[in-house]
Amino acid sequence: MPLPNLDLSELRVLIAEDNPYMRQILRMMLIGYGVRTVFEAEDGAEALELVASSAPDLVLTDWLMPIVNGAELTRMIRQMPAPTCFLPIIAITAHTEKRRILAARDSGITEVMCKPVSARGLYLRIANCILNPRDFVRSPSFFGPDRRRFQAPLHNGTERRGTGIADGYTLDETGELSQSQENAAVATGRAGASDPSRRGGAPVRQVRTSGQGTV
């Protein structure tokens, strides 16, 4: 299917991954998309330092890492002052069990990418962070992007939020674990009201679109 053709040359991306070969693969994919600035961290602790010192626009993080894992890294970023707390975070994991996908979602990640990573799948998740940013939600137990992926028609409570925003395209190839569709990782229950201080997700460096392309 046609993909959005984005100019990602100004995007600053941080890769947090303890496997050097996986870091190299992700770096080469990013360079192939046109990204010029890529930071690398061997674990979550180093990634936190780079988030504070290098101001990336996007984080790609492995889920199982020494010292500070992907879930802990995500929660720590979400606790940082604005605008850093709104940083788009894509979790990359080899564990595709439903409970692990839901745990990643509940920690505050923006997207999930299951290994093996495809160039198309990663590109679409980056494009989704840019073109379809989600409102952030704050509750006593959660802060992060709105976890809903579809509208729950049977919920009519007083804290019902507005209509969810569809991704606009399928993020996964046929046969891959779907992480964006209604039947994938069940919709969030009550998560609290949208954070009035943040609408439309994280600020991302200006990206130009130019027609349609393929990856």
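Worth knowing before you read on, the calculation uses all heavy atoms, side chains too, and leaves out hydrogens, waters and symmetry mates.
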Inset, instruction - Quick one: pull up OG1 in Thr61 and CD in Glu17 and give me the separation to the nearest 0.5 Å. - result: 8.0 Å
Inset, instruction - Verify, without hydrogens or angle tests, whether Gln79 (side chain) and Met76 (backbone) share a donor-acceptor contact under 3.5 angstrom. - result: no
Legend entry - Ile101 side, atom CD1; Cys114 side, atom SG - distance, nearest 0.5 Å: 4.0 Å
Inset, instruction - Keeping the roles fixed (side chain from Thr93, backbone from His95), state whether a donor-acceptor pair exists under 3.5 Å. - result: yes
Legend entry - Check: Ile15 main-chain N/O paired with Arg23 side-chain donor or acceptor under 3.5 Å: no
Inset, instruction - Please examine the side chains of Asn128 and Glu111, heavy atoms only from C-beta on, and report whether any two atoms are closer than 4.5 Å. - result: yes
Legend entry - Rounded distance [0.5 Å steps], CG in Asp62 versus CG in Leu73: 10.5 Å
Inset, instruction - Check whether any side-chain N or O of Tyr123 sits under 3.5 Å from a backbone N or O of Met29 as a donor-acceptor pair, and report yes or no. - result: no
Legend entry - Side-chain (Arg134) to main-chain (Gly144) donor-acceptor, under 3.5 angstrom: no
Legend entry - Approximate separation, where rounding is to 0.5 Å, of Phe143 CZ and Ile77 CD1: 12.0 Å
Inset, instruction - Following the transitive rule for hydrophobic clusters with a side-chain heavy-atom cut-off under 4.5 Å over Ile, Leu, Val, Met, Phe, Trp and Tyr, establish whether Ile25 and Ile31 coincide in one cluster. - result: no
Inset, instruction - Please examine the side chains of Asp18 and Pro66, heavy atoms only from C-beta on, and report whether any two atoms are closer than 4.5 Å. - result: yes
Inset, instruction - Please report the shortest heavy-atom distance between Ala47 and Ala41, naming the atom on each side. - result: N-CB, 3.5 Å
Inset, instruction - Flag the pair Val13 / Leu8 as yes when at least one side-chain heavy-atom distance between them is below 4.5 Å, and no otherwise. - result: no
Legend entry - Atom pair CD (Glu10) and CZ (Arg36), whose distance is rounded to the nearest 0.5 Å: 6.0 Å
Legend entry - Sub-4.5 Å side-chain heavy-atom contact between Trp63 and Thr74: yes
Legend entry - Euclidean distance, Leu11 CG relative to Leu6 CG, rounded to 0.5 Å: 9.5 Å
Legend entry - Cluster check Ile67, Val59: I/L/V/M/F/W/Y, side chain < 4.5 angstrom: yes
Inset, instruction - Report yes or no: do Met113 and Met28 belong to one cluster of Ile/Leu/Val/Met/Phe/Trp/Tyr joined by side chain heavy-atom distances under 4.5 Å? - result: no
Legend entry - Candidate list Val117, Leu14, Val38, Leu30, test side-chain contact (heavy atoms from CB on, under 4.5 Å), partner Leu60, passing option: Leu30
Legend entry - Sub-4.5 Å side-chain heavy-atom contact between Arg78 and Pro145: yes
Inset, instruction - Decide if atom CE of Met80 counts as having more than 12 heavy atoms of other residues, nucleotides or ligands within a radius under 6.0 Å. - result: yes
Legend entry - Passing candidate, side-chain contact (heavy atoms from CB on, under 4.5 Å) with Cys129, options Ile90, Leu87, Leu124: Ile90
Inset, instruction - Can you see which heavy atom on Pro88 is nearest to which on Asp57, and at what distance? - result: CD-O, 3.2 Å
Inset, instruction - Find out if a path of hydrophobic residues (ILVMFWY) with successive side-chain heavy-atom gaps under 4.5 Å connects Ile89 to Leu64. - result: no
Legend entry - Any side-chain heavy-atom pair of Arg120 and Leu3 under 4.5 Å: yes
Inset, instruction - Compare all side-chain heavy atoms of Leu26 with those of Ile92 and state whether any distance is below 4.5 angstrom. - result: yes
Inset, instruction - Using the test side-chain hydrogen bond (donor to acceptor under 3.5 Å, both in side chains), find all partners of Glu46 that sit at least two apart in sequence or belong to another chain. - result: none
Legend entry - Asp43 side chain to Val68 backbone, donor-acceptor under 3.5 Å: no
